[in-house]
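These notes are about the structure you will find just below.
Quick caveat: nothing in here was measured; it's all calculated off a predicted structure. Chain naming here is simple, since letters A, B, ... match the order of the sequence lines and numbering starts at 1 in each.
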2 protein chains.
Amino acid sequence: MRKKKPAGADAKLSRAAAQRLSQYLRCLAVVGPTASSADLARSVGVSDAQVRRDLGALGHLGQRGVGYDVTALAAALRKTLGIDRPWRAVLAGVGNLARALLRYRGFRQHGFEIVGLFDADPAKIGTTVDGLTVEPIGRLAARATDLRVELGVITVPADAAQEVADQFSAAGIVGILNFAPVLLRTPAGVVAVTVDLTVQFEQLAFLVTRREPTAPELRPSARGGLEGRRSR
Amino acid sequence: MRKKKPAGADAKLSRAAAQRLSQYLRCLAVVGPTASSADLARSVGVSDAQVRRDLGALGHLGQRGVGYDVTALAAALRKTLGIDRPWRAVLAGVGNLARALLRYRGFRQHGFEIVGLFDADPAKIGTTVDGLTVEPIGRLAARATDLRVELGVITVPADAAQEVADQFSAAGIVGILNFAPVLLRTPAGVVAVTVDLTVQFEQLAFLVTRREPTAPELRPSARGGLEGRRSR
DNA sequence: CGTTGTGAACTCATTCACAGCT
DNA sequence: AGCTGTGAATGAGTTCACAACG
């Protein structure tokens with residue numbers, strides 16, 4: 001009743017599926033001129049059927065009997081992920097994490113350019129980090145238009161995150177990457193992705209506590225051997 | 001055939017479910033002496049049925065007509081997540097991200113203690129960060145036993161990550177938090193959680209590119225109104 | 001009453017298995 | 001011969017809906 005089947009090039013993609021596409025893209029750099037679904041599966045830690053299902057949704061990119069052309073596939077992945085063009089972003093909260101993100105080589109390289117820094121701390125305003133001068137957060141709305149930014153990164157403490165998100169939204173930013181451990185409420189049309197490092201740490205404690213005594217292929221990130229899996 | 005149904009206190013929990021438990025725990029700090037599933041649902045951005053299903057799996061913690069006792073629930077969540085005791089961890093790769101993690105107040109507070117730093121760069125060895133002296137990575141195996149660490153954090157470049165993971169595993173570490181954008185291969189009994197920041201950034205670009213023109217309650221992190229959802 | 005706990009229904013995602021190309 | 005693309009089968013995860021209970 002919703003919709004029957006868009007069936008075109010790109011139907012709809014779950015979030016998890018989109019994350020896998022990013023991973024396929026990352027692995028493509030390594031392999032040869034063509035890659036088979038089994039190759040990618042091994043690199044990313046999923047089944048080959050999963051790879052074919054994911055890539056099949058992007059259109060007919062593979063050649064039967066051969067595999068996927070790496071160049072064409074990379075272009076298709078980038079297009080689907082929306083990274084076939086540069087993205088301009090600002091960052092609020094110039095702490096250690098912000099510095100780490102700024103120096104993380106690969107962001108600009110991947111098409112993400114941080115063009116403005118904002119902070120509430122008067123001591124930080126006016127200082128320069130990585131060639132950018134920190135501005136007062138109140139200036140955000142005025143500057144966002146000039147800078148033509150679409151994305152905002154939040155690296156402020158949890159109790160200030162919602163306020164910054166509101167300011168981002170008001171400034172016309174349509175995507176927020178949030179490192180504060182809170183659920184952001186955003187108006188329709190503004191999407192937020194939250195990366196909660198504490199959750200990841202707790203996830204690790206959880207997995208270690210209840211890891212199977214010996215489970216070769218249970219965890220995708222921890223597969224030991226890839227011998228024949230089922231008996232048919 | 002695997003197992004029928006442990007049915008006891010804690011059956012089995014998917015990874016996503018465990019992440020939600022972390023989020024419930026975080027939200028508990030804020031609310032009053034008791035919290036209803038609807039309260040938690042609102043704070044975390046999931047349905048109330050989801051909350052009840054998740055918490056029901058931990059045992060009978062709720063009181064009908066009242067809700068969940070915050071103190072008891074927090075204790076149960078911590079126990080299930082395996083953070084009802086401290087965890088000792090070492091960190092390999094003392095760059096900006098490492099510094100950010102070290103200064104991230106809340107790690108020690110949440111029971112994660114970083115007790116050793118390792119790096120391959122001779123210029124960094126011997127320097128002190130946050131009260132810890134950076135040691136050569138070759139010392140890892142020898143020191144890990146002394147330090148009685150169980151977890152390791154990888155913040156080295158991608159091409160060195162697998163090597164560090166191998167050294168971690170050899171040193172008896174059973175859980176790895178990996179910030180390098182690669183799939184780690186680990187022996188059975190060693191689990192790895194990978195946090196790939198580039199994937200998150202690309203995820204954001206993806207969501208922004210294909211966000212619905214106006215979708216009030218589509219994204220859990222972006223729900224606008226919570227009026228009656230279905231017509232019954 | 002209000003809220004939990006939980007079968008049953010349902011939706012979404014993954015795997016199987018093989019026809020169809022190259 | 002090899003590998004993709006994809007219906008069909010299976011499985012996992014989520015929501016519905018309501019009886020049970022304080």
Side-chain angles (χ1 to χ4, degrees), chain A residues 1-5 7 9-21 24 31-42 44-70 72-73 76 217-218 220 228-232, chain B residues 1-3 5 7 9-21 24 31-42 44-70 72-73 76 217-218 220 226 228-232:
Chain A
M1 189 192 186
R2 263 302 123 79
K3 49 182 65 173
K4 201 170 297 177
K5 200 182 179 189
D10 35 42
K12 74 160 189 222
L13 247 38
S14 75
R15 269 180 108 158
Q19 298 208 33
R20 284 196 301 274
L21 296 189
Y24 300 145
V31 298
T34 75
S36 71
S37 55
D39 294 337
L40 287 166
R42 219 173 307 110
V44 169
V46 298
S47 73
D48 56 340
Q50 181 76 79
V51 174
R52 287 200 297 279
R53 182 69 72 185
D54 286 339
L55 299 187
L58 309 190
H60 292 230
L61 294 162
Q63 201 175 355
R64 298 182 193 223
V66 181
Y68 299 88
D69 176 69
V70 164
L73 179 54
E217 88 296 293
L218 196 133
R229 307 226 300 291
R230 67 210 152 64
S231 56
R232 209 270 178 81
Chain B
M1 189 190 185
R2 263 303 123 83
K3 49 181 63 173
K5 198 181 180 190
D10 35 42
K12 75 160 188 223
L13 246 36
S14 75
R15 266 181 112 160
Q19 298 210 31
R20 283 196 301 272
L21 296 189
Y24 301 146
V31 297
T34 76
S36 71
S37 55
D39 293 337
L40 287 167
R42 219 173 307 111
V44 169
V46 299
S47 72
D48 56 341
Q50 181 77 79
V51 174
R52 288 200 297 279
R53 182 71 71 186
D54 287 338
L55 299 187
L58 310 191
H60 291 231
L61 294 162
Q63 201 175 353
R64 300 185 191 220
V66 180
Y68 299 87
D69 176 70
V70 164
L73 180 53
E217 88 296 294
L218 196 134
L226 55 159
R229 308 228 299 290
R230 68 212 150 64
S231 56
R232 206 266 181 80

Of the listed nucleotides dT6(C), dT15(C), dT3(C), the one nearest the side chain of H60(B): dT6(C)
Sugar-phosphate only, base, or nothing, as touched by L61(A) at under 4.0 Å among non-hydrogen atoms: sugar-phosphate
N or O in side chain of S47(A) less than 4.0 angstrom from dT15(C) OP1/OP2: yes
Whole-Å gap separating P (dC21(C)) and CG (D69(A)): 21 Å
Under-4.0 Å side-chain N/O to phosphate OP1/OP2 contact, Q50(A) with dT15(C): yes
base_contact_polar (dT4(D) base, R64(A) side chain, donor-acceptor, <3.5 Å): yes
DNA chain C: 5'-proximal contact among V66(A) and D48(B) (nearest heavy atom): D48(B)
Closest listed nucleotide, where the reference is the side chain of Y68(B) and the choices are dG5(C), dT14(D), dT4(D): dG5(C)
Please write out each protein N/O paired with an N/O of nucleotides 8-12 of chain D under 3.5 Å, distance rounded to 0.1 Å.
unit_1 : atom_1 : unit_2 : atom_2 : d
dA8(D) : N6     : R53(A) : NH2    : 3.0

Residue pairs, two or more places apart or on separate chains, that pass salt bridge (Lys or Arg N to Asp or Glu O under 4.0 Å) and touch residues 51-67 of chain A: R20(A)-D54(A), D48(A)-R52(A)
Which nucleotide in dG22(D), dC16(C), dT22(C) has an atom nearest any side-chain atom of A49(A): dC16(C)
Closest nucleotide among dC18(D), dC3(D), dA17(C) to the R52(A) side chain: dA17(C)
Side-chain N,O (S36(A)) to OP1/OP2 (dC3(D)) below 4.0 Å: no
